[in-house]
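Scroll down for the structure; my scribbles are underneath it.
Keep in mind that this is a model prediction, so the values were computed, not measured. Lettering follows sequence order; numbering is per chain, from 1.
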Amino acid sequence: MASGWTNRGKYKTLGVRYRGQTNPTNFYMLLATSATAPTVDTNVVSDLTQITAGNGYTSGGYQLTPGATDYDVWTEDDTNDRALVQIKDIVWTASGGPIPTSGGDARWAVHTDDNATPANREIDQYFDLVSDRSVSDGQTLTLQDCEIRLTE
Amino acid sequence: MAYEILKLCKVAQRADMKAAGYEPFVFEPAVIYPATIARIKQVLKDGSLPTELIDKNLNPDVDPRSAALMHRSRIRAIPEEAWDLALKPRSEFTDSPDDAGLLVIRADALEAARLWFTRALKNEVGKPVGVHILKDDDYRL
């Protein structure tokens with residue numbers, strides 16, 4: 001599974017921790033198609049192809065607020081010399097039609113900042129959904145156990 | 001076999017986690033991994049749905065069994081031998097090509113177990129949780 005941090009995400013995180021930069025008020029989890037696979041060198045949402053908005057999926061993705069509610073597991077792992085934060089379950093319910101409404105299915109989930117323009121949002125991490133995902137009207141698309149891992 | 005997650009860990013004295021809104025717990029790998037892997041083996045053997053992974057905070061749009069079903073699918077995809085490998089100390093593996101493949105599936109098993117007990121804890125506590133896994137090189141990935 002090819003999930004991980006982008007270099008931009010690492011850079012911004014260090015900026016907040018050690019340079020006193022301001023953390024985004026919110027983050028987003030956005031769904032992207034298989035048209036372009038994110039890598040460590042992917043910077044912003046416009047580098048990828050977001051799935052078509054509609055039927056319960058809003059352009060820019062699902063909004064997350066920093067804190068215990070939306071990042072509901074915080075782990076210090078001394079056995080494996082790492083730390084982890086787990087994102088709460090994220091649920092999109094298709095209403096009025098399928099998600100995506102058209103175009104490519106969801107192949108990647110990307111964790112972004114909250115730039116007012118979704119296309120300009122910087123990507124911190126990307127998660128491989130393994131295969132193309134879509135749901136019919138009334139069904140849910142759920143992301144479970146998405147983890148942000150920090151290891152040396 | 002009962003899987004009582006709160007009996008497999010202790011409340012941690014972590015003021016930082018508490019202040020941030022997390023209920024803190026500390027885990028000894030030599031306790032939690034064997035217990036969780038035993039539970040996983042039981043589920044694999046009898047095909048049951050692990051009740052500890054059924055969601056209690058219900059989203060009306062989501063089947064509360066969905067996480068349990070997902071975790072069960074995950075463990076079924078891991079080679080059977082991986083569960084015993086996961087309980088073998090890391091130091092007993094070498095850098096040989098033969099061991100490299102074994103370490104991969106061993107890591108898959110240990111991570112599946114970790115996600116299992118993390119989810120079980122979160123479900124049981126019903127609040128955000130802080131998890132401190134103590135150092136034990138036997139369980140290193």
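- Within a 6.0 Å radius of CZ in Arg65(B), no more than 12 heavy atoms belonging to other residues, nucleotides or ligands are found.
- Closest approach of Ser66(B) and Gln144(A) over heavy atoms only: OG-NE2, 3.1 Å.
- Using a 3.5 Å distance cut-off with no hydrogens or angles, the side chains of Asp61(B) and Thr93(A) do pair a donor with an acceptor.
- The main-chain N or O of Val62(B) is never found under 3.5 Å from a side-chain atom of Thr142(A) such that the two would form a donor-acceptor pair.
- A chain of hydrophobic side-chain contacts below 4.5 Å, direct or via other Ile, Leu, Val, Met, Phe, Trp or Tyr residues, connects Trp5(A) to Leu64(A).
- Contacts of residues 4-23 of chain B with chain A at a heavy-atom distance below 4.5 Å involve Arg14(B), Asp16(B), Met17(B), Ala20(B), Gly21(B), Tyr22(B), listed in sequence order.
- The existence of a salt bridge linking Lys127(B) and Asp72(A) is excluded, since no basic side-chain nitrogen approaches an acidic carboxylate oxygen closer than 4.0 Å.
- Taking the side chain as every heavy atom from C-beta outward, Val131(B) and Val73(A) approach each other to under 4.5 Å.
- Counting heavy atoms from C-beta on, the side chains of His132(B) and Thr75(A) never come closer than 4.5 Å.
- With 3.5 Å as the limit, one finds a donor-acceptor pair spanning the side chains of His71(B) and Asp145(A).
- Taken together through direct or relayed side-chain contacts under 4.5 Å among Ile, Leu, Val, Met, Phe, Trp and Tyr, Leu87(B) and Phe27(B) form part of one hydrophobic cluster.
- Residue Asp46(B) qualifies as enclosed at atom CG: its count of foreign heavy atoms under 6.0 Å is above 12.
- Atom CD1 of Ile133(B) is separated from atom CG of Asp78(A) by 8.5 Å, given to the nearest 0.5 angstrom.
- Contact count against chain A (heavy-atom pairs under 4.5 Å) is highest for Val129(B) among Val129(B), Leu121(B), Leu134(B).
- For residues 109-119 of chain B, heavy-atom neighbours of chain A at less than 4.5 Å comprise Glu111(B), Arg114(B), Leu115(B), Thr118(B), Arg119(B), sorted by residue number.
- For Glu28(B), the CD atom is loosely surrounded, since the number of other residues' heavy atoms within 6.0 Å does not exceed 12.
- Summarising the geometry, atom CG belonging to Asn80(A) is positioned 6.0 Å from atom CZ belonging to Arg140(B); distances are rounded to the nearest 0.5 Å.
- Note that CG of Asp55(B) and CG of Asp89(A) are 6.0 Å apart. Values are rounded to the nearest 0.5 Å.
- There is no path of hydrophobic side-chain contacts, each under 4.5 Å, that joins Tyr28(A) to Ile87(A).
- Closest approach of Pro128(B) and Thr69(A) over heavy atoms only: CG-N, 4.3 Å.
- Distance CZ/Arg82(A) to CG/Leu141(B): 5.0 Å, rounded to 0.5 Å.
- Other residues, nucleotides and ligands contribute over 12 non-hydrogen atoms within 6.0 Å of the CD atom of Gln21(A).
- When heavy atoms are compared at a cutoff of 4.5 Å, Gln86(A) approaches chain B solely by way of its side chain, counted from C-beta outward.
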